[in-house]
Amino acid sequence: MDEKFYIVATPIGNLKDITYRAVEVLKSVDFIACEDTRVTKVLAEKYGITAKLIDCHKFNEKEQSEKIINLIENGNKIALVSDAGTPLISDPGSVLLQELYKRGINVTSIPGACAVSTFLSMVPRDTEEYVFIGFIPRTFNLQKEILAKHKNTNCVFYESPNRLIQTLENIKEILGEDTKIAVGRELTKVFEEVKTDTVSQITEYYKSHPLKGEIVAMVFSREAENCRDEDILEKICILKEAGYSPKDAAKIISALYKENKNKVYKLAIKSKE
Ligand code: SAM
């Protein structure tokens with residue numbers, strides 16, 4: 001291991017989700033730069049990691065970068081971790097990394113858990129293409145701007161449980177109540193759940209279920225949605241030509257293709273016009 005600076009992914013909930021290599025590296029370094037020493041201490045205790053902890057969060061990253069670079073230049077091995085998942089993915093570290101590159105210090109990454117990739121691996125999608133926007137902006141206008149910009153791409157974002165309902169209401173207003181979305185909550189933890197449905201159905205669900213824990217969500221591409229609508233319409237026409245009512249056609253298609261019944265029914269009515 002010749003590299004001098006290690007970016008190390010840590011678990012996003014389940015403490016067992018850490019690689020052998022990550023533990024090996026964290027055991028071998030002299031210092032670990034971390035967002036919150038209390039959080040990293042829990043991981044260090046579990047895996048017998050004894051490196052000294054240096055706090056490096058978004059409010060002190062600039063000053064701490066100097067200190068960390070001095071330590072490296074004095075021969076110390078240093079790793080960077082965040083509170084959860086992969087550092088620099090909606091986490092601090094960018095200022096420090098720029099300084100390291102400027103000084104020509106070798107940087108390497110020990111990959112592992114990340115909420116975005118964990119979530120995407122559990123959501124069936126028609127296309128690989130997606131955009132990750134980090135935490136979605138808080139205001140309606142900024143949400144409108146960013147969702148409009150990415151409306152033809154699957155748009156993945158982080159959101160706090162306290163703001164999720166309002167954000168879902170905003171998505172309904174901005175893109176329409178039939179917009180398909182997926183929400184992942186508490187991934188890798190005891191109460192892990194991933195739900196995929198229209199934004200209306202998901203809003204109703206979370207209004208009547210306790211909404212706690214960490215959230216990652218995706219608004220499906222409207223383009224993929226439009227293609228699927230055309231596909232459904234084609235099937236509706238076949239069934240209607242065979243004598244099925246719009247209601248029965250909707251029942252059959254939603255059962256066979258796991259589509260939302262109301263949405264298919266609306267398309268079936270529309271196809272009559
Ligand atoms: N660096 C992390 C990563 O690799 O995913 C993300 C850090 S960001 C500050 C924290 C946000 O990630 C949380 O507020 C939540 O939106 C999302 N997140 C982290 N862990 C999660 C989990 N277990 N389930 C769902 N979302 C999670």
Side-chain angles (χ1 to χ4, degrees), residues 5-19 21-23 25-26 32-40 42-43 46 53 55-61 64 79-97 107-123 125 130-138 142-143 146-147 150 154-168 170-171 181-197 202 205-206 209-219:
F5 190 83
Y6 303 89
I7 295 159
V8 182
T10 58
I12 56 165
N14 187 323
L15 277 190
K16 290 183 182 164
D17 293 332
I18 184 160
T19 68
R21 191 165 159 235
V23 174
V25 165
L26 293 176
I32 299 174
C34 56
E35 270 187 280
D36 184 338
T37 53
R38 290 164 303 181
V39 174
T40 303
V42 175
L43 189 76
K46 179 164 172 71
L53 306 182
D55 67 330
C56 181
H57 44 74
K58 66 176 176 183
F59 302 109
N60 71 356
E61 194 180 340
Q64 292 299 71
L80 171 72
V81 300
S82 61
D83 281 353
T86 303
L88 278 90
I89 304 297
S90 288
D91 268 338
S94 186
V95 174
L96 172 60
L97 217 59
V107 172
T108 190
S109 177
I110 315 298
C114 177
V116 179
S117 52
T118 306
F119 173 63
L120 285 175
S121 72
M122 293 174 78
V123 178
R125 288 160 288 131
Y130 70 91
V131 58
F132 171 58
I133 60 169
F135 281 95
I136 192 164
R138 293 183 186 195
L142 290 177
Q143 289 184 350
I146 202 152
L147 291 171
H150 300 301
N154 291 328
C155 181
V156 183
F157 59 89
Y158 290 154
E159 179 55 300
S160 111
N162 305 332
R163 287 190 295 271
L164 184 69
I165 299 276
Q166 184 57 58
T167 293
L168 294 176
N170 293 348
I171 293 171
I181 73 156
V183 174
R185 195 173 67 83
E186 292 288 82
L187 302 180
T188 78
K189 304 188 206 178
V190 178
F191 296 107
E192 171 180 278
E193 78 176 350
V194 172
K195 299 208 79 63
T196 302
D197 210 325
I202 295 219
Y205 174 81
Y206 282 120
H209 289 76
L211 184 44
K212 286 192 195 137
E214 304 199 87
I215 308 277
V216 48
M218 180 176 99
V219 176

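In listed order, ligands and their atoms are each counted from 1.
Between the side chain of E186 and the main chain of G13, no donor-acceptor pair closer than 3.5 Å is present. In this structure, the side chain of E35 engages the main chain of D83 through a donor-acceptor pair within 3.5 Å. Judged by distance alone, the side chain of T188 and the main-chain N or O of N14 form a donor-acceptor pair under 3.5 Å.
Residues V219 and H150 are not in side-chain contact: their nearest non-hydrogen atoms beyond the backbone lie 4.5 Å or more apart.
Listed by chain and number, I12, A84, G85, T86, I89, S90, D91, C114, A115, F135, Y158, E159, E186, L187, K189, E214, I215, V216 each place a non-hydrogen atom less than 4.0 angstrom from ligand 1.
Remark: T167 pairs with Q143, E159 by the side-chain hydrogen bond (donor to acceptor under 3.5 Å, both in side chains) rule, at least two apart or across chains.
Interatomic distance, SG of C155 versus CD1 of I181, reported as 11.0 Å (0.5 Å rounding).
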